[in-house]
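All values reported here derive from a predicted model rather than from experimental measurement.
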Amino acid sequence: MSCILVAVAGDSISAGSPLWDPDPAIRARIPEPDERSQWQWWATRVDARLEFRTTAVYGERTDEIARRLELVLPGADVLVVQGGINDVVQRRPVEEAARNIQAMLARGRAAGLALAVADVLPWNNGDERAAEDIRRLNALIHQIAETSGATLLPFHDTLADPADPSRMRDGLSDDGDHPSTQGHRLLGERAFRLDV
């Protein structure tokens with residue numbers, strides 16, 4: 001069985017917050033770290049060929065994520081770009097976030113990688129302005145996936161409450177910002193799919 005090396009560039013969602021972080025120094029500060037608090041961990045249970053190389057930092061916007069992209073690209077087969085919620089939190093224009101995501105995917109394509117992009121999760125602690133910005137950014141991400149040939153990872157709809165799509169369903173977030181371990185499981189098992 002051949003390995004598929006997946007480069008992931010993202011924010012705290014891909015880092016595994018709140019119970020995990022790819023950086024051992026940060027992880028050492030978590031009282032009870034749990035490696036199951038990452039969608040990547042669950043994805044490897046579905047497809048044992050997958051190996052993940054993740055650069056993901058809590059609180060980073062898409063422009064900051066883009067600065068770290070070269071840390072994960074060398075030797076990878078696939079690039080996954082995940083980000084945008086911190087642009088929304090910091091009230092940055094969603095069009096700018098979309099351009100940053102599109103530029104990261106273009107860098108992955110130039111490196112010869114297969115591409116995937118995650119849309120933005122619901123934010124339980126956000127307000128109506130944030131919910132509208134997430135809707136607008138996700139519409140742009142869906143367009144980018146279609147025009148770039150990237151696989152869309154439907155993170156938002158996988159965790160969204162059907163009665164109120166601006167919120168994650170009960171039990172899928174412990175803090176209102178990040179997926180719970182159960183939320184990460186659903187992202188890894190259901191939302192993460194690659195055609196490679």
(request) Over 60° means perpendicular and under 30° means parallel, so classify the ring planes of F52 and W39, tilted if in between. (result)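 Rings of W39 and F52: perpendicular, over 60°.
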
Return the [atom1] to [atom2] distance between [X] and [Y], rounded to the nearest 0.5 Å.
X    : Y   : atom1 : atom2 : answer
N86  : T62 : CG    : OG1   : 9.0 Å
M104 : R67 : CE    : CZ    : 11.0 Å
I4   : R49 : CD1   : CZ    : 3.5 Å

Do NZ/NE/NH1/NH2 and the carboxylate oxygens of [X] and [Y] come within less than 4.0 Å?
X    : Y    : result
R27  : E35  : no
E132 : R129 : no
R68  : E60  : yes
R136 : E95  : yes

(message) A side-chain contact here means heavy atoms from C-beta on lying under 4.5 Å apart; do D11 and H178 qualify?
(response)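 Result no, sub-4.5 Å side-chain heavy-atom pair not found.
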
(message) Are the side chains of L159 and L187 in contact, using a 4.5 Å heavy-atom criterion?
(response)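 Side chain of L187 against side chain of L159, heavy atoms only: contact under 4.5 Å found.
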
Please determine, by modelled atom types, if [X] and [Y] share a side-chain donor-acceptor pair under 3.5 angstrom.
X    : Y    : answer
N125 : D177 : yes
T54  : Q40  : yes
W20  : D34  : no

